[in-house]
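Remember, it's 1-based here, ligands and their atoms both numbered in the order they're listed. Bear in mind that the values here come from a model prediction, so they are computed numbers and not experimental data.
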Amino acid sequence: MTQYTIPAEGLVAKPAHELAAMIQAGEVTSREVTQAFLDRIAEIDDELGAFLHVGAEEALAAADKVDEQVKNGEEPASALAGVPLALKDLLVTTDAPTTAASKMLEGYMSPYDATVVKKLRAAGIPILGKTNLDEFAMGSSTENSAYKQTKNPHDLERVPGGSGGGTAAALASGEAPLGIGTDTGGSIRQPASLTGTVGVKPTYGGVSRYGVIACASSLDQVGPCANNVLDTALLHEIIAGHDEFDATSVDREVPACADAAREGVSGDLKGVKIGRVKQFERPGTQEGVKEAIDAAYAQLERQGAEIVEVDCPSFDDVMGAYYIIQMSEVSSNLARFDGMRYGLRVGDDGSRSAEEVMAATRGEGFGAEVKRRIILGTYALSVGYYDAYYLQAQRVRTLIAQDFAKAFEGCDVIAAPSVPSTAFKLGEKVDDPLAMYNFDLFTLPLNLAGLPGMSVPAGNASDTDLPVGLQLIAPAFEDARLYRVGAAFEAGR
Ligand code: GLN
């Protein structure tokens with residue numbers, strides 16, 4: 001079994017916060033650090049397939065700027081200045097193509113940077129390149145990418161999860177110490193779980209979606225990814241905050257994630273109540289995952305936390321509600337890809353009408369899963385079905401939010417498995433969309449409720465020897481709790 005996990009030594013083995021400190025202390029330059037990750041990419045990425053585009057020159061130029069500031073004794077631009085990052089190719093950038101892993105956007109160059117990208121640049125974070133994903137972020141294995149197959153660094157015959165499999169694989173292989181993902185129904189937490197990395201979906205509205213190609217707008221959130229909890233906390237603070245270009249972004253103070261993570265490092269969880277959701281104890285869950293999660297609860301208890309059972313009956317209906325709402329929003333959001341404005345245009349030979357060109361472009365430009373969702377979503381929103389499907393799904397969504405609210409009356413944080421099994425084999429579920437959808441069962445509820453969640457490594461499953469993720473969920477705008485408990489759990493392992 002070939003593995004491309006993080007090398008034991010060298011710059012690429014170090015956490016981002018350590019690299020940042022070394023850069024500020026003048027022990028190493030940002031150029032050297034950035035080059036080390038670029039070398040790792042050059043060494044393994046042909047086979048691993050995490051990146052759709054590598055921007056070595058641009059990354060090194062950004063690194064040089066940080067080195068210049070260090071040399072001049074200027075204040076660091078951020079706590080992670082000089083440490084490079086892998087960006088999911090769903091966020092638009094002016095200096096690299098943005099494809100959303102779709103043929104539809106082949107050759108598309110954005111005239112502007114996403115707000116999160118602007119913030120990263122201002123923070124002195126060199127962007128190594130754009131990472132692979134399921135087309136338009138729809139999928140659970142990155143197998144829906146129109147360009148390449150990303151593999152799981154722990155076993156190259158297995159999927160890295162999805163949709164953000166590229167970012168997760170880059171982190172788990174030492175190609176990058178920091179990453180950005182987006183999470184509509186689990187696309188940050190699920191790949192984090194499958195690759196043994198940390199991924200956080202912030203509270204809806206906490207991070208700007210401006211310049212993030214829309215999947216399902218009422219569910220999408222951008223979030224930080226890394227190999228340890230503190231690094232995600234530091235990155236969270238850099239990318240979060242109000243943005244007038246995103247009407248759903250909230251005007252509140254950015255949560256104190258890093259302080260919470262530092263507090264958590266003591267490992268002490270006395271007085272913390274952790275909820276265990278009854279509806280998540282499901283027969284279909286892999287034995288090794290169950291064991292690892294049981295061990296996680298036991299560890300949290302040893303660290304002083306109290307585990308309480310919480311009842312969330314509406315979670316049994318989460319699959320149907322999520323996929324109806326997700327597909328409905330997709331059918332509307334993806335209408336803009338018509339061959340007229342962005343990227344691909346097919347059959348425009350002067351003899352065809354605009355409508356024919358649109359149909360030809362959409363027919364060729366979208367992959368099977370995207371088409372399936374556009375068709376089902378359009379159906380769910382059509383006259384006569386809207387009430388039966390879409391409105392019904394919105395009602396379930398309300399019940400899910402109410403179940404969470406009730407659960408949090410009795411606990412501070414909920415802990416659950418991130419995913420029902422460890423990484424599956426490439427190709428195993430491609431012909432079975434329902435099995436693929438089912439894989440997201442545990443990550444979906446909080447997107448519907450807008451709550452923050454984290455996946456933090458919980459060891460390997462004894463039956464497959466592959467990573468398992470513990471999912472932590474907090475009430476809206478209480479993202480800091482995830483970092484407190486996540487860092488404590490990480491420290492206690
Ligand atoms: N796997 C889920 C889906 O296919 C979630 C995707 C995501 O979070 N972007 O919709």
Side-chain angles (χ1 to χ4, degrees), residues 87-91 100-102 131-145 150 159-168 179-195 199-202 204 207 209 212-225 318-334 366-377 380 393 397 418-421 423-424 428-430 432-455 469 471 473:
L87 185 69
K88 189 178 189 179
D89 198 20
L90 198 65
L91 285 85
S102 179
T131 53
N132 199 19
L133 63 149
D134 286 298
E135 184 176 8
F136 286 105
M138 289 180 240
S140 305
S141 62
T142 315
E143 289 167 297
N144 294 335
S145 167
T150 304
V159 302
S163 67
T167 291
I180 291 288
T182 67
D183 193 312
T184 304
S187 284
I188 288 175
R189 289 159 287 150
Q190 187 255 56
S193 178
L194 268 46
T195 56
V200 178
K201 174 219 170 283
Y204 185 78
V207 180
R209 292 184 296 109
V212 181
I213 295 174
C215 180
S217 311
S218 78
L219 304 163
D220 300 343
Q221 259 302 281
V222 182
C225 309
V318 70
M319 268 272 290
Y322 169 84
Y323 277 98
I324 284 175
I325 291 167
Q326 200 270 353
M327 291 176 188
S328 298
E329 293 188 16
V330 159
S331 73
S332 156
N333 273 331
L334 271 60
F366 289 136
E369 179 61 25
V370 172
K371 283 183 192 159
R372 177 181 299 125
R373 295 200 193 193
I374 291 173
I375 292 167
L376 288 171
R397 184 176 195 168
S418 298
V419 192
S421 80
F424 51 87
E428 193 181 315
K429 295 192 204 287
V430 279
D432 189 351
L434 263 189
M436 200 69 102
Y437 298 167
N438 261 319
F439 199 60
D440 298 324
L441 206 61
F442 299 142
T443 48
L444 301 178
L446 54 125
N447 294 79
L448 288 166
L451 309 187
M454 168 189 282
S455 182
Q471 185 180 205
I473 307 168

Original post:
So is Y322 in contact with ligand 1, going by heavy-atom distances below 4.0 Å?
Top reply: yes
**OP:** Give a yes/no verdict on whether any heavy atom in F439 is under 4.0 Å from an atom of ligand 1.
**Re:** no
At a 4.0 Å threshold, what atoms of ligand 1 neighbour a non-hydrogen atom of [X]?
X	value
G185	5 (C), 7 (C), 8 (O)
Q326	10 (O)
A137	6 (C), 7 (C), 9 (N)
S163	9 (N)
S140	1 (N)
S187	5 (C), 6 (C), 7 (C), 8 (O), 9 (N)

Subject >> Atom pair CG/OG1 of D220 and T184 - distance to nearest 0.5 Å >> reply: 3.5 Å
Does [X] approach ligand 1 within less than 4.0 angstrom via side chain, backbone, both or neither, non-hydrogen atoms only?
X	value
Y323	side chain
R373	side chain
M436	neither

**OP:** Apply side-chain hydrogen bond (donor to acceptor under 3.5 Å, both in side chains) to S140 and D440, showing your working.
**Re:** CA-CA 7 Å; S140 305; D440 298 324; 3.0 Å; yes
**OP:** Evaluate the ring planes of Y437 and Y323, with Trp represented by its six-membered ring, and classify them as parallel (under 30°), tilted (30 to 60°) or perpendicular (over 60°).
**Re:** parallel
Subject >> Donor-acceptor pair between T182 and K88 side chains, under 3.5 angstrom >> reply: yes
Original post:
Can S218 and E329 be counted as having a side-chain donor-acceptor contact under 3.5 angstrom?
Top reply: yes
**OP:** Give the intermediate values and the outcome of side chain to side chain contact (heavy atoms under 4.5 Å, CB included) for residues M138 and C215.
**Re:** CA-CA 8 Å; M138 289 180 240; C215 180; 4.1 Å; yes
**OP:** Decide side chain to side chain contact (heavy atoms under 4.5 Å, CB included) for N447 and Q326; before the verdict, give the C-alpha distance in whole Å, the side-chain angles of both, and the deciding distance to 0.1 Å.
**Re:** CA-CA 10 Å; N447 294 79; Q326 200 270 353; over 6 Å; no
Original post:
In terms of residue, atom name and distance, what is the protein heavy atom nearest to atom 2 (C) of ligand 1?
Top reply: D440 OD2, 3.1 Å
Original post:
Do any nitrogen or oxygen atoms of G162 lie less than 3.5 angstrom from nitrogen or oxygen atoms of ligand 1?
Top reply: no
Original post:
Listed by chain and number, what are the salt bridge (Lys or Arg N to Asp or Glu O under 4.0 Å) partners of D134, not counting sequence neighbours?
Top reply: none
Original post:
Would F424 and M436 satisfy side chain to side chain contact (heavy atoms under 4.5 Å, CB included), going step by step from the backbone distance to the final call?
Top reply: CA-CA 10 Å; F424 51 87; M436 200 69 102; 3.8 Å; yes
